[in-house]
*Asks:* 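Structure provided below as structure tokens; questions to follow.
Starting from 1, each residue takes its place in the sequence as its number.
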Amino acid sequence: MPTAVLVGVAVLGGLVGLVVPPLARRFATPPARPRPGRGAWGLLGPTVAAGVFAGLAVTVSDDPALPVFLAIAAVGLVLARVDLLCLRLPDPLVLAAGVSALAGLTGVALLSGTPGRLVGALCGAAVAGAAHVLLALLPGSRLGFGDVKLAAVLGAPLGWLGRDALLAGLLLPHLLHGGLVLALLAARRVRRETLLPLGPALLAGAWLGVLTG
């Protein structure tokens, strides 16, 4: 990918990072109060978003579905922020990510003459959704059905890329989340009964799955 294009994608990601906080506050329940721009997200958010976009641009640069991946990532950044604020993954945002994935990948498959990849995307969504339904039904599971729906949505772009990306995207979120929980327990920052958001780990793991799969 040309350097100028990569820089442009990273800048676009940074701009997305700037609008994430007000959008997240709008979807948070109860409504979250605005925080000063000098807060952690003021600098970290745009930097993270730029890194997410740049990573996708480098990894998926030769794939015509790159704009679809970027659209899903943009919605995902808002979802992660909302989940951190109020332990909730709003259905409208998950639906927006799902529509972006389904419509976008369908269009790319038809225009590029690769219907087989669309089948892979649909299978990825089905496998990811089914796996997380089973996890949610396990005794003592704290997995919410918002997490299940998000996992199914993320399974589509991972399935589009193939089996390796899908497997990585299924496993990495739980390794990340489990490691974080253990670290917080060891530091006595949380208790065993403390509820922690899984959405950010699902999104981060899917992003890493794209990069490594």
Side-chain angles (χ1 to χ4, degrees), residues 1-28 32-86 88-90 92-101 103-105 108 150-151 153-158 160-161 165-166 168-169 172-173 175-177 179-180 183 196-213:
M1 170 173 285
T3 302
V5 176
L6 178 59
V7 171
V9 172
V11 170
L12 177 62
L15 293 175
V16 169
L18 290 174
V19 302
V20 163
L23 287 175
R25 287 194 298 269
R26 181 174 180 179
F27 284 96
R33 295 180 179 179
R35 295 181 179 181
R38 66 176 181 273
W41 190 265
L43 292 177
L44 181 61
T47 303
V48 169
V52 168
F53 271 48
L56 291 174
V58 171
T59 308
V60 199
S61 60
D62 296 329
D63 196 311
L66 175 59
V68 181
F69 281 72
L70 295 178
I72 298 170
V75 181
L77 287 164
V78 182
L79 277 166
R81 179 68 171 164
V82 174
D83 205 13
L84 288 169
L85 286 173
C86 61
R88 181 171 173 263
L89 294 168
L93 288 175
V94 177
L95 179 61
V99 170
S100 298
L105 295 177
V108 173
L150 178 58
V153 168
L154 296 175
L158 291 167
W160 173 272
L161 293 176
L166 178 61
L172 286 172
L175 293 176
L176 291 172
H177 186 71
L180 176 63
L196 296 173
L198 180 61
L202 288 173
L203 291 156
W207 180 72
L208 290 173
V210 172
L211 268 59
T212 61

*Asks:* If you measure from CG on Leu203 to CG on Leu89, what distance do you get to the nearest 0.5 Å?
*Replies:* 8.0 Å
*Asks:* Looking at His177 and Ala201, what are the two nearest heavy atoms and their distance?
*Replies:* CB-CB, 3.9 Å
*Asks:* What's the spacing between Leu23 CG and Leu79 CG if we round to 0.5 Å?
*Replies:* 11.0 Å
*Asks:* Working to the nearest 0.5 angstrom, can you tell me the gap between Arg81 CZ and Cys86 SG?
*Replies:* 10.5 Å
*Asks:* Sub-3.5 Å donor-acceptor pair from the side chain of Asp83 to the main-chain atoms of Arg88, do we have one?
*Replies:* yes
*Asks:* How many angstroms lie between atom CG of Leu172 and atom OG1 of Thr212, to the nearest 0.5 angstrom?
*Replies:* 5.5 Å
*Asks:* A side-chain contact here means heavy atoms from C-beta on lying under 4.5 Å apart; do Val153 and Val94 qualify?
*Replies:* yes
*Asks:* What closest approach, in Å, do Val108 and Val68 show between heavy atoms, and which atom pair accounts for it?
*Replies:* CG2-CG2, 4.1 Å
*Asks:* Where is the tightest heavy-atom contact between Leu158 and Ala206, given as atom of each residue plus distance?
*Replies:* CD2-O, 3.6 Å
*Asks:* Val58: what forms a side-chain contact (heavy atoms from CB on, under 4.5 Å) with it, not counting sequence neighbours?
*Replies:* Leu6
*Asks:* Do the side chain of Trp160 and the main chain of Leu105 share a donor and acceptor less than 3.5 angstrom apart?
*Replies:* no
*Asks:* Which pairs count as side-chain hydrogen bond (donor to acceptor under 3.5 Å, both in side chains) when at least one residue sits in residues 47-62, sequence neighbours excluded?
*Replies:* none
*Asks:* How long is the gap from CG on Leu150 to CG on Leu198, to the nearest 0.5 Å?
*Replies:* 8.5 Å
*Asks:* Less than 4.5 Å apart, side chain to side chain, heavy atoms only: is that true for Val210 and Leu56?
*Replies:* yes
*Asks:* Would you name the heavy atoms of Asp63 and Ala65 that are closest together and state the gap between them?
*Replies:* OD1-N, 2.8 Å
*Asks:* Drop me the distance from Leu70's CG to Phe53's CZ, to the nearest 0.5 angstrom.
*Replies:* 5.0 Å
*Asks:* Closest heavy-atom contact between Ala204 and Leu176?
*Replies:* CB-CD1, 4.1 Å
*Asks:* Where is the tightest heavy-atom contact between Ala57 and Val9, given as atom of each residue plus distance?
*Replies:* CB-CG1, 3.8 Å
*Asks:* In the structure I gave you, are the side-chain heavy atoms of Val78 and Val19 within less than 4.5 Å of one another anywhere?
*Replies:* no
*Asks:* How about Leu166 and Leu161: do any of their side-chain heavy atoms sit closer than 4.5 Å?
*Replies:* no
